[in-house]
Amino acid sequence: MGAKVFIEKCEDGHKYKFVVTDKKVIAISTFAGQSVRGVAVCAPGDKFDEETGKKLARLRCAAKIAEKRLKEATNWFEYCSHMLSFWENEYDSSDDY
């Protein structure tokens, strides 16, 4: 059986590309121009349910994107804090001039 591939807009408002096979669902989205994917695989003893697989794969994909957003925001905060400290020191030095 071949894979079923389709794009769907989900309740979180984002579009995901889904790849559905016999026992696996992959949700693919993008962040900062890069593909991010979440995977849900059916356990051997379980009955495959496409909707449950789509939900799990989408949530795993969204969690990876959230981690990337947090990392990017943390990096910007550290950069801005560093620049603020630098310019405060420059300002203090100019008072001595």
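Only heavy atoms go into these numbers, but all of them, side chains included; no hydrogens, no water, no symmetry mates.
Judged as a side-chain contact (heavy atoms from CB on, under 4.5 Å), and not counting sequence neighbours, the contacts of V19 are A3, V5, I26, I28. Every residue was checked against the ring-ring contact (aromatic ring centres under 6.0 Å, His included) condition with F77, not counting sequence neighbours, and none meets it. When the side-chain contact (heavy atoms from CB on, under 4.5 Å) test is applied to T74, the partners found at least two apart in sequence or on another chain are L70, E78. By the ring-ring contact (aromatic ring centres under 6.0 Å, His included) test, W87 is found to be paired with no residue, residues two or more places apart in sequence or in another chain being considered. Residues forming a ring-ring contact (aromatic ring centres under 6.0 Å, His included) with F86 (at least two apart in sequence, or on another chain): none.
Here side-chain hydrogen bond (donor to acceptor under 3.5 Å, both in side chains) pairs that include residues 57-68, with residues two or more places apart or in two chains, are E11-R58. The side-chain hydrogen bond (donor to acceptor under 3.5 Å, both in side chains) pairs that include a residue from residues 26-52 are K4-E50, D49-T52, E51-K54, where partners are two or more places apart or lie in different chains.
Here the side chain of S85 pairs no donor or acceptor atom with the backbone of S81 at under 3.5 angstrom.
Through direct or relayed side-chain contacts under 4.5 Å between Ile, Leu, Val, Met, Phe, Trp and Tyr, F18 connects to F6, Y16, V20, V25, F48. Under a 4.5 Å side-chain heavy-atom cut-off, the cluster of Ile, Leu, Val, Met, Phe, Trp and Tyr residues that includes F31 is completed by V36, I65.
Environment of NZ in K15: sparse, with no more than 12 heavy atoms of neighbouring residues, nucleotides or ligands closer than 6.0 Å.
Between A40 and A57, the shortest heavy-atom distance links the atoms CB-N, 3.8 Å.
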